[in-house]
Amino acid sequence: MGEFDLIARYFHRPDGQGPRHAIVPNGDDCAVIAPAPGMQLAVSTDTMVEGRHFLSTVDPARLGHKALAVNLSDLAACGAKPLAFTLALTLPRVDQAWLAGFSGGLLALADEHGCELIGGDTTAGPLAIGITVMGEVPAGQALLRSGARPGDELWVSGWPGEARLALEAFRGTLVPPLDGEAFEAVRLRMERPTPRVALGLALRGLASSAIDVSDGLLGDLGHVLKRSRVGVEIALGALPVSPWLATRPLAEQQDNVLAGGDDYELLFTAPAARHAEVLAAGQAAGVPVHRIGLLQAEVGLRVRDGGWGAEEPTGQPVANRWTSFDHFKMA
């Protein structure tokens, strides 16, 4: 099978199948696309490399899903509605069963979010997947990392830490090990994450800043603090702990939630006066949201070992011992 046969069989969508947003779709040297009137275009790119971002044994349908999901997560953090994406796929060989699974998982998620595949490239080499995704957001309403203010509450969606728990299970580092049911549950969170697109849309005009959790909660939070020029105090007792993670030792729970990464949950801030609205937004999106900290004027990240008091974290200060993922520092 040649390159163009591969594209036609596994990635071309016949007329009437899948979303259509492009003015000129896949098939020319360039696709032509434009957001709706009054909208701005949000664009993000992610690359996934075998052995670095995923295991060689991962199910190809799950890999196709995740490859797009991590990009849709960026749109969610921006409050943008998915529109279209391109795919650059490097393959060591043509494996038709693998391609059928991969494209099936990829396009199923694309259809779920109305996101059209409008072009890309294929080539031979070590397995790598590059996706550029485009979304639209009302002019001036994009959620950014730079909008957090002192007095805002810090929130996180869902159940961060489960993907890292799965990774450690694969590495064989867990004592005691996970049982079969727990392993399959957290493995699904690592291999088939859910992009919080509906929550991101619900947070437009409500959240003051946002970022998705890809490299670890505290590490990604650091980007918000730097761009917003604020500090934060986090309550360890307010961190969300999933039922699967709750069975693990306390230190392991904290390590996975704060420094795990690969969660693709949303970490965001909002004014304290809008606390009830944030809870309602999470409920409307079908995603639990958890208040875990308070933004402060004094720069830096501070952790306390208590829960949440009347208006702020409680307990004694705790040294920050957590380090998030970095592709080059950890190479």
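Starting from 1, each residue takes its place in the sequence as its number. Just so it is clear, the model here is predicted, and its values are computed rather than measured.
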Connected via hydrophobic side-chain network under 4.5 Å: L279 and L266: yes
Report whether L89 and M48 are members of the same hydrophobic cluster (ILVMFWY, side-chain heavy atoms less than 4.5 Å apart, transitive linking). yes
D59 side chain to A61 backbone, donor-acceptor under 3.5 Å: yes
4.5 Å side-chain heavy-atom contact, F11 and F102: yes
Straight-line distance of L178 CG to E184 CD, nearest 0.5 Å: 10.5 Å
Pairs meeting criterion side chain to side chain donor-acceptor pair (under 3.5 Å) with involvement of residues 70-88, two or more places apart: S44-D74, S73-D212
Side chains of L301 and L221: closer than 4.5 Å at any heavy-atom pair? yes
E162 side chain reached by R187 side chain, heavy atoms, under 4.5 Å: no
Applying side chain to side chain donor-acceptor pair (under 3.5 Å), name anything that partners S157, two or more places apart in sequence or on another chain. E265
Looking at every heavy atom in both V241 and Q253, which two are closest together, and how far apart are they? CG1-OE1, 3.6 Å
Begin with the C-alpha distance, continue with both residues' side-chain angles, and end with the deciding distance and a verdict on side chain to side chain contact (heavy atoms under 4.5 Å, CB included) for V299 and L225. CA-CA 7 Å; V299 297; L225 301 183; over 6 Å; no
Got R248 and L165 here, is their nearest side-chain heavy-atom distance under 4.5 Å? yes
Can you tell me how far CG of L199 sits from CD of Q283, rounded to the nearest 0.5 angstrom? 12.5 Å
Could you grab the distance from atom NE2 of H275 to atom CH2 of W155, nearest 0.5 Å is fine? 4.0 Å
Work out which heavy atom in L217 is nearest to a heavy atom in P160; give both atom names and the distance. CD1-CG, 4.4 Å
Looking only at heavy atoms, what is the nearest atom pair of P288 and W159, with distance? CG-NE1, 4.0 Å
Which Ile, Leu, Val, Met, Phe, Trp or Tyr residues join V49 in one cluster when any pair of side-chain heavy atoms under 4.5 Å counts as a link? none
Starting from L294 and following side-chain heavy-atom contacts under 4.5 Å between hydrophobic residues (I, L, V, M, F, W, Y), which residues can be reached? W308
Give the C-alpha distance, both sets of side-chain angles, the deciding distance and a yes or no for side chain to side chain contact (heavy atoms under 4.5 Å, CB included) between L127 and L91. CA-CA 5 Å; L127 182 57; L91 297 168; 3.9 Å; yes
Does L41 belong to the same Ile/Leu/Val/Met/Phe/Trp/Tyr cluster as F85, with side-chain heavy atoms less than 4.5 Å apart forming each link? no
All N/O donor-acceptor pairs, side-chain side in residues 229-236, below 3.5 Å, sequence neighbours left out:
residue : atom : partner : partner atom : Å
E233    : OE1  : R304    : NE           : 3.4
E233    : OE2  : R304    : NE           : 2.9

Does any donor atom in the side chain of S228 or S209 lie under 3.5 Å from an acceptor atom in the other side chain? no
Under 3.5 Å donor-acceptor pairs involving side-chain atoms of residues 166-174, not counting sequence neighbours:
residue : atom : partner : partner atom : Å
E168    : OE1  : T173    : OG1          : 2.6
E168    : OE2  : R164    : NE           : 2.7
E168    : OE2  : R164    : NH2          : 3.3
E168    : OE2  : R171    : NH1          : 2.9
T173    : OG1  : E168    : O            : 3.3

Looking only at non-hydrogen atoms, find the nearest pair between I131 and L106 and report the distance. CD1-CD1, 3.8 Å
What pairs with D262 under salt bridge (Lys or Arg N to Asp or Glu O under 4.0 Å), at least two apart in sequence or on another chain? K66
Heavy-atom check, side chain of L206 versus side chain of F268, under 4.5 Å: no
Is there side-chain contact between E191 and F54, with heavy atoms separated by less than 4.5 Å? no
So how far is it from E50 CD to T90 OG1, rounded to the nearest 0.5 Å? 12.0 Å
List, one per line, each side-chain donor-acceptor pair under 3.5 Å for residues 133-151, sequence neighbours excluded.
residue : atom : partner : partner atom : Å
E136    : OE1  : A36     : N            : 3.0
R149    : NH1  : S146    : O            : 3.3
R149    : NH1  : G147    : O            : 3.4

Expected output: side-chain H65 to main-chain L109 donor-acceptor under 3.5 Å: no
Exactly one of V257, N256, L250 clears side-chain contact (heavy atoms from CB on, under 4.5 Å) with Q254, and that residue is L250
Working to the nearest 0.5 Å, report the span between CZ of R192 and OH of Y264. 15.5 Å
Review item, side-chain donor-acceptor pairs of residues 112-124, under 3.5 Å, at least two apart:
residue : atom : partner : partner atom : Å
E116    : OE1  : H21     : N            : 2.5
E116    : OE1  : A22     : N            : 2.9
T122    : OG1  : E3      : OE2          : 2.9

Who pairs with D111 by side chain to side chain donor-acceptor pair (under 3.5 Å), at least two apart in sequence or on another chain? R13
Over all heavy atoms of both residues, which pair between I292 and P240 is shortest? Give the atoms and the distance, please. CG2-CD, 3.9 Å
Same cluster (ILVMFWY, side-chain, under 4.5 Å), L203 and V156: no
So if you build clusters from Ile, Leu, Val, Met, Phe, Trp, Tyr with side-chain heavy-atom gaps below 4.5 Å, do L63 and L72 land together? yes
Mark yes or no for whether D305, through its side chain, and Q316, through its backbone, hold a donor-acceptor pair below 3.5 Å. yes
For the CG atom of L99 and the CG atom of L6, what is their distance to the nearest 0.5 Å? 5.0 Å
Check salt bridge (Lys or Arg N to Asp or Glu O under 4.0 Å) between E153 and all other residues, then give those that pass, not counting sequence neighbours. R291
Taking A67's backbone N and O only, do any of them form a donor-acceptor pair with D46's side chain (distance below 3.5 Å, no angle check)? no
Using the test side chain to side chain donor-acceptor pair (under 3.5 Å), find all partners of D255 that sit at least two apart in sequence or belong to another chain. R321, W322
Looking at P243 and T247, what are the two nearest heavy atoms and their distance? O-CG2, 3.6 Å
